[in-house]
Amino acid sequence: MLTSEQAKRHQETYGFNELTEGKKKSTFVLFLEQFKDFLVIILILAAIISGFLGDMESAAVIFVVITINAILGTVQTIKAEQSLNSLKQLSAPEAKVRRDGHLMQIPSREVTIGDEVIVEAGDMVPADGKLLTCASLKVDESALTGESLSVEKSLDEVEEGAALGDQTNRVFSGGLVTYGRASFEVTAIGMQTEVGKIAGLLESTKEKRTPLQMSLDDFGRKLSIAILVFCGLLFGVMVVRGGRPMDAFLFAVALAVAAIPEALSSIVTIVLSFGTQKMAKEHAIIRKLQAVEGLGSVSIICSDKTGTLTQNKMTVEDYYVNEIRIPAEKISIEEENQKKLLWYSMLCNDSSNRNGKEIGDPTETALINLGDRLGVPAARIRQQFPRLSEIPFDSDRKLMSVSHREDEKVVMVVKGAVDVLLHRAVSIQVGTDIRPLTEEDKQKIEAQNEEFSKNGLRVLAFAYKTLKEEKDLTLQDETELTFLGLISMMDPPREESRQAVEECIRAGIKPIMITGDHKVTAAAIAKRIGILKEESEACEGAVIETMTDEELQEFVEGISVYARVSPEHKIRIVRAWQEKGNIVSMTGDGVNDAPALKQANIGVAMGITGSEVSKDAAAMVLTDDNFATIVKAIENGRNIYRNIKQSIQFLLSGNFGAILAVLYASVANLPVPFAPVHLLFINLLTDSLPAIALGLEPHTSEVMQEKPRPVGQSILNGAYLRRIGTEGLIIGGATVAAFLLGLREGGSLLGSTMAFGTLCMSRLAHGFNCKSEKPVLFTKMFFNNLFLIGAFLLGTALITAVLLLPVLQPIFKVQTLTPGQLGIVYGCALGSFLGIQVLKGIKRIFVK
Ligand code: ATP
């Protein structure tokens, strides 16, 4: 064991306990990577050649525009990376160490050589070390050895040089404790650990692309091919009509660059990374980016009760000893059996409470808090009766046992669920009398349990027996017990649970309570928060054991509370709902919950009370363990998806408008409506900025009035593409109108100037169209996105400057507009904006 002082010195000498990350790309490399797009390279080459052929201005502008674009891209990449990294830090694991003689919880990176670390079921081993104590410890070391079975550990010495898997008296960083408890002394940290030595292999596990990104990439590829074919044809037509091949080529390439929506999947990354930052602030940390998309489709939330729907602030309400119920304020340690129950409840207990800092299971903390109140600190009792052996609690068995020496006898104390414990008791202590436990006694205890449970109280039963000798406890010892008493505890529902449940139901999501607790307790709490309406909606996990998968699929429909559930039941319940075509979110905290968390579409772990193992398996971690946070996360998930969709709609419809204008001009045998510079300017100014701004649209709770998004529905469905087509048509129409007016009034340069101005302005204004499927004009919503307003104002200022300032005109290939002509440009753009708004209004009236 170290002192804090020593630990600090060791940290200075040995550094932090962390795996150094692989080499990060420098900003410069990221910047260069922005140019690796094939088309951009072609464009630069074309610009350079055209520069040599005399068009220096175009070449320079193209260069500048592309560089600015690359800078923007680099900044976005860095920002997205930073926000994802800070997310990772938020879900960094913690470890329990003993320093200065006290148990304390610290971030795993602060564990250092020589530390005494305590691990128990559910923990992740934070460093390599040699065991000091060991109580039935089993560790899953598959990450290190590939062996999927947990390794049983012991203090027995092992031969020098044994294979890792055989070093059973040592534990290794990255191992998951699946059973038991142990303490060990740290011998290696960070890159010196066994896992550190192979860290190079682990680093290559990169964040996978999300399904949405993959489908957008696929769509982007197909669209790019279509655009390239179109541009190729256009090049041919321009040359055939007598255009200079170099000009035609430059135009075709510029059009391809402007029209190909290369930003599709990077928009997703940016919106996801900013969205997940917001979610983290609202207590939901996303560990797998794919989960954000899935959240929008969640139709079932299976939630634990204790701590998630309830406050997990337990207080003892009653004792039941000597066949009578004693309210907490009347408990007296003067009476022998009440004192015994208090002592046993603190001995068969792993929690601690030092200076108000509680470490451990709140159920157990409640028991020692009562001791403190009655002037009996747990530490004193534990010192007086040191633990000899133990069988840790597990939620399958629902029992915990310990043994200690008392008056020369070895006593084993067992605590756990009432029903389980009563099965194993053969006698009962009433006063000093110990007599056989009759059916009548059992009924009386069960009736008391029922009464407690109906009031939503959690109940623990206590029993003991004297062992013949000191020995390591085994599961076979948990029989022939003497029943001592019950302790009831209150764990009030969280205040926000009721509202969150209501919101869920309104949003078409079914909330389900899955708990290890007693059915009556669970139903009472579920009723209070609105999850359960009829008693018939509650059942015990065991009833599903005999059902076939098909029967279970029928059955789950009518059930909203599952009590006395084991982790295997959880998996079957999730699977049954999934088979019925639902996206299921499931919470879990224990080590045994990991498989169910992995099976669920969105596995949710508890940040405060959850085991490291469950966090590792989860897609999302709640830093406040709160059910309402899941509902909030779903709202965020739906908003993020909506923002991505709107941002893509903006990009695609605008690009489509530009292509339509070019297509029209070439079919109508008119001059090309844009110079290459125009297209690039539009690409820079009206693509990236408003698209990102739309991705950052403020979230609304309106999304919770819709039903969950159907599973497997592609973002690019028919209605969406039709909308993009119609909006593109209107923008293209306005551009062509301005082009024709300009052409008639002053020839091709004026035509293209006005087309360029109109397309730019229409697209900037179109940002506001994409905010909602409803009309937004004259609503508060119109003004609620400052980024979008900023992008619009900046864009409008720049394009107006280009159209009016004579110095910029040779560079941008435009001619000065008269106020009247500028009015036409603004008017056409406004017309396209209003047209789309009116269309949205009409659609709303008729679709309703
Ligand atoms: P949830 O699954 O909603 O979190 P829970 O916390 O009640 O509910 P478990 O932790 O699996 O579920 O507990 C199941 C039962 O085991 C409880 O009802 C209680 O009777 C018993 N129990 C809980 N904690 C302990 C413990 N530390 N020691 C002994 N028995 C316990």
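These figures come from a predicted structure and were not determined experimentally. Atoms within each ligand, like the ligands themselves, are counted from 1 in listed order.
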Member of Arg424, Lys519, Arg564 meeting the salt bridge (Lys or Arg N to Asp or Glu O under 4.0 Å) criterion with Asp419
Arg564

Could you tell me which non-hydrogen atom of Phe385 sits nearest to which non-hydrogen atom of Arg405, and how far apart they are?
CD2-O, 3.3 Å

Could you tell me if any non-hydrogen atom of Met513 lies under 4.0 Å from any atom of ligand 1?
no

Any idea which atoms of ligand 1 are less than 4.0 Å away from a heavy-atom of Val459?
20 (O)

Salt-bridged, Asp549 to Arg575, with N to O below 4.0 Å?
no

In terms of side-chain heavy atoms, does Ser488 have a donor or acceptor partner in Asp318 at a distance below 3.5 Å?
yes

Do the side chain of Arg181 and the main chain of Glu120 share a donor and acceptor less than 3.5 angstrom apart?
no

Gly516-ligand 1 polar pair, N/O distance under 3.5 Å
yes

Quick check: Tyr344 with His404 (ring centres under 6.0 Å apart)?
yes

Charged N to carboxylate O under 4.0 angstrom, Lys96 versus Asp123?
yes

Starting from atom 28 (N) of ligand 1, what is the nearest protein heavy atom, named by residue and atom, and what distance separates them?
Lys415 NZ, 3.0 Å

Taking only non-hydrogen atoms of Leu460 and a 4.0 Å limit, the atoms of ligand 1 in range are 19 (C), 20 (O), 21 (C), 22 (N), 30 (N), 31 (C)

Distance from atom 13 (O) of ligand 1 to nearest protein heavy atom, with residue and atom
Phe393 CZ, 3.8 Å

Which residue supplies the protein heavy atom nearest to atom 23 (C) of ligand 1, what is that atom called, and how far is it?
Arg458 NH2, 3.3 Å

Sub-4.0 Å atoms of ligand 1 with respect to non-hydrogen atoms of Asp361
24 (N), 27 (N)

So, does Ser497 use its side chain to make a donor-acceptor pair with the main chain of Ile529 at under 3.5 Å?
no

The side-chain contact (heavy atoms from CB on, under 4.5 Å) partner of Phe462 among Leu486, Thr482, Leu341 is Leu341

For Lys305, counting its heavy atoms only, list the atoms of ligand 1 lying under 4.0 Å from any of them.
1 (P), 3 (O)

Heavy-atom proximity to atom 20 (O) of ligand 1, picking from Ala522, Gly588, Ala417, points to Ala417

Pick, from His518, Arg564, Met400, the option with the minimum heavy-atom distance to atom 17 (C) of ligand 1.
Arg564

Hey, which atoms in ligand 1 end up nearer than 4.0 Å to a heavy atom of Ser395?
11 (O)

Any heavy atom of Thr521 sitting closer than 4.0 Å to ligand 1?
no

Between Lys340 and Gln429, is any side-chain donor less than 3.5 angstrom from a side-chain acceptor?
yes

Protein contact to atom 27 (N) of ligand 1 [nearest heavy atom, distance to 0.1 Å]
Glu364 OE2, 3.0 Å

What part of Thr515, side chain, backbone, both or neither, has a heavy atom within less than 4.0 angstrom of ligand 1?
both

Distance under 4.0 Å to a non-hydrogen atom of Thr306: what atoms of ligand 1 satisfy this?
1 (P), 3 (O), 4 (O), 5 (P), 6 (O), 7 (O), 8 (O)

